[in-house]
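These notes are about the structure you will find just below.
To find a chain, count down the sequence lines: A is the first, B the second, and so on, and within it residues start at 1.
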There are 2 protein chains.
Amino acid sequence: MDCNCSEYHCPVDTTLNMIGGKYKALILWHLIDNTLRFGELRKLIPQATPKMMTQQLRELEEDHLINRTVYPVVPPKVEYSLSELGNSIRPILEAMYYWGTDYLTQNGLKASCSMKFPL
Amino acid sequence: MDCNCSEYHCPVDTTLNMIGGKYKALILWHLIDNTLRFGELRKLIPQATPKMMTQQLRELEEDHLINRTVYPVVPPKVEYSLSELGNSIRPILEAMYYWGTDYLTQNGLKASCSMKFPL
DNA sequence: CCGTATCCCGTGCGATACTG
DNA sequence: CAGTATCGCACGGGATACGG
């Protein structure tokens with residue numbers, strides 16, 4: 001993988017390997033300027049089953065894109081937030097958001113789902 | 001899919017549905033400022049089998065992101081290029097490229113694979 | 001509340017061979 | 001050269017149930 005450019009690596013492919021997972025970009029998007037709990041993320045992305053949500057969150061954590069904070073209380077409380085590295089992904093997500101919004105409006109469809117950026 | 005935000009659509013998800021395919025972003029990336037033939041794309045992305053390459057190209061064409069031009073000659077000659085819509089994706093791909101490059105260099109790895117943008 | 005554990009099915013996708 | 005056709009299987013990922 002990674003473009004197999006001998007010992008060199010392809011930047012675009014590298015980025016995709018980090019945020020290309022099924023719900024990763026969406027999760028990161030929702031975490032911009034937000035600290036969210038597991039259940040809150042599930043409500044924002046209902047199509048992700050708990051198993052998938054856990055898996056994607058774990059991978060994002062392993063790649064140091066998000067922070068996972070466990071509060072030792074009963075009932076359990078776990079919060080997810082962007083790490084510094086995760087925050088650096090922001091320009092990509094914003095570019096995706098803007099393009100998607102343009103595309104939708106030009107096709108007569110309504111854009112929504114967390115309005116972080118006023119147009 | 002598409003965030004199931006009632007009749008509204010999620011821009012980020014919309015974008016991902018267009019360029020989230022296995023080799024789509026990579027193909028679009030290579031097509032920036034370039035018109036390429038099937039075989040040339042295969043050399044640039046050798047990990048994509050002919051079947052996958054065809055599939056991804058067809059989907060990109062259906063989504064009007066690329067143009068497919070067939071020259072009725074022997075031997076066959078087919079050229080792929082970015083459409084206007086495909087070209088509008090450029091900021092996203094560039095953001096991915098820059099982030100990937102930063103990430104690689106900060107981890108002591110060498111970035112390469114088509115140097116379109118001098119840093 | 002925040003997950004993990006199992007089961008299991010569809011399909012994505014690689015390998016290989018063939019064609020106009 | 002630029003693809004199709006066929007086979008086959010790993011695995012992504014859904015559904016459901018359970019656990020600390």
Side-chain angles (χ1 to χ4, degrees), chain A residues 1-4 10 13 16-28 30-31 34-63 65-82, chain B residues 1-4 10 12-13 16-28 30-31 34-63 65-83:
Chain A
M1 64 171 65
D2 235 25
C3 249
N4 96 338
C10 171
D13 211 31
L16 254 10
N17 287 336
M18 297 285 279
I19 65 168
K22 188 153 199 199
Y23 303 113
K24 287 184 182 175
L26 233 32
I27 291 172
L28 293 173
H30 286 297
L31 287 178
N34 275 112
T35 293
L36 295 172
R37 302 180 62 175
F38 187 86
E40 294 175 316
L41 280 168
R42 289 221 58 214
K43 276 168 208 153
L44 289 167
I45 312 173
Q47 67 270 35
T49 60
K51 173 184 164 185
M52 283 309 297
M53 182 64 79
T54 301
Q55 180 199 302
Q56 299 284 293
L57 286 169
R58 289 292 183 280
E59 289 182 15
L60 287 170
E61 192 190 358
E62 279 170 32
D63 289 334
L65 289 170
I66 64 173
N67 300 126
R68 180 171 184 267
T69 312
V70 181
Y71 296 91
V73 297
V74 186
K77 178 178 177 182
V78 182
E79 287 186 338
Y80 296 92
S81 61
L82 288 189
Chain B
M1 67 171 63
D2 238 23
C3 251
N4 97 337
C10 171
V12 175
D13 211 31
L16 254 10
N17 287 334
M18 297 284 279
I19 65 167
K22 187 154 200 197
Y23 303 113
K24 286 185 183 176
L26 232 34
I27 291 172
L28 293 173
H30 285 297
L31 286 179
N34 274 112
T35 293
L36 295 172
R37 301 178 63 173
F38 187 86
E40 293 175 318
L41 281 167
R42 289 221 58 216
K43 274 168 209 152
L44 288 166
I45 312 174
Q47 67 269 36
T49 60
K51 175 183 162 185
M52 284 308 296
M53 182 65 78
T54 302
Q55 181 200 301
Q56 299 283 293
L57 286 169
R58 288 292 184 281
E59 290 182 16
L60 288 170
E61 192 190 358
E62 279 170 32
D63 290 334
L65 288 169
I66 63 172
N67 300 127
R68 180 171 183 268
T69 312
V70 181
Y71 296 91
V73 296
V74 187
K77 178 178 177 182
V78 181
E79 287 187 339
Y80 296 93
S81 61
L82 288 190
S83 67

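- Following rounding to the nearest Å, Gln55(B) (CD) and dG3(D) (P) show an atom-to-atom distance of 14 Å.
- Atom CD1 of Ile27(B) and atom P of dA2(D) are 14 Å apart (whole Å).
- Lys24(A) places its NZ atom 11 Å from the P atom of dG12(D), with the value rounded to the nearest Å.
- Taking only side-chain nitrogens and oxygens, Lys22(A) comes nearer than 4.0 Å to OP1 or OP2 of dG14(D).
- At least one side-chain nitrogen or oxygen of Arg37(B) sits closer than 4.0 Å to the OP1 or OP2 atom of dA2(D).
- Checking Gln47(B), Met52(B), Met53(B) one by one against Thr49(B), the side chain to side chain contact (heavy atoms under 4.5 Å, CB included) holds for a single residue, Met52(B).
- Side chains of Asn34(A) and His30(A) form no contact here, defined as non-hydrogen atoms less than 4.5 Å apart.
- Between Leu82(A) and Ile66(A) the shortest side-chain heavy-atom distance falls below 4.5 Å.
- One finds a side-chain N or O of Tyr80(B) lying less than 4.0 angstrom from the OP1 or OP2 phosphate oxygen of dG3(D).
- Atom C1' of nucleotide dC1(C) and atom CZ of Arg68(A) are separated by 12 Å, given to the nearest angstrom.
- Distances shorter than 4.0 Å separate none of the side-chain N or O atoms of Arg58(A) from OP1 or OP2 on dC2(C).
- Counting only heavy atoms from C-beta on, Phe38(B) has its side chain closest to dG3(D) among dG14(C), dG3(D), dC2(C).
- Between Met18(B) and Leu28(B) there is no side-chain heavy-atom pair separated by less than 4.5 Å.
- Counting non-hydrogen atoms under 4.0 angstrom, Arg42(A) reaches nothing in the nucleic acid.
- The side chain of Met52(B) has dC13(C) as its nearest neighbour among dG13(D), dG20(D), dC13(C).
- Distance Glu61(A) CD to dC2(C) P: 15 Å, rounded to the nearest Å.
- Side-chain atoms of Tyr80(B) and Ile27(B), non-hydrogen and from C-beta on, never get closer than 4.5 Å to each other.
- With the nearest nucleotide of DNA chain C identified for both Tyr23(B) and Lys51(A), Lys51(A) has the one nearer the 5' end.
- The side chain of Thr54(A) places no N or O atom within less than 4.0 Å of a non-bridging phosphate oxygen (OP1 or OP2) of dC2(C).
- In this structure, Lys43(A) places its NZ atom 9 Å from P of dC2(C), rounding to the nearest Å.
- To the nearest angstrom, P of dA2(D) lies 11 Å from CE of Met53(B).
- Closest-nucleotide positions on DNA chain D for Pro50(A) and Pro50(B) were compared, and the one nearer the 5' end corresponds to Pro50(B).
- Between Thr49(B) and dG14(C) there is a side-chain polar atom (N or O) within less than 4.0 angstrom of OP1 or OP2.
- Contact annotation for Tyr71(B): no contact, since no heavy-atom pair falls under 4.0 Å across all strands.
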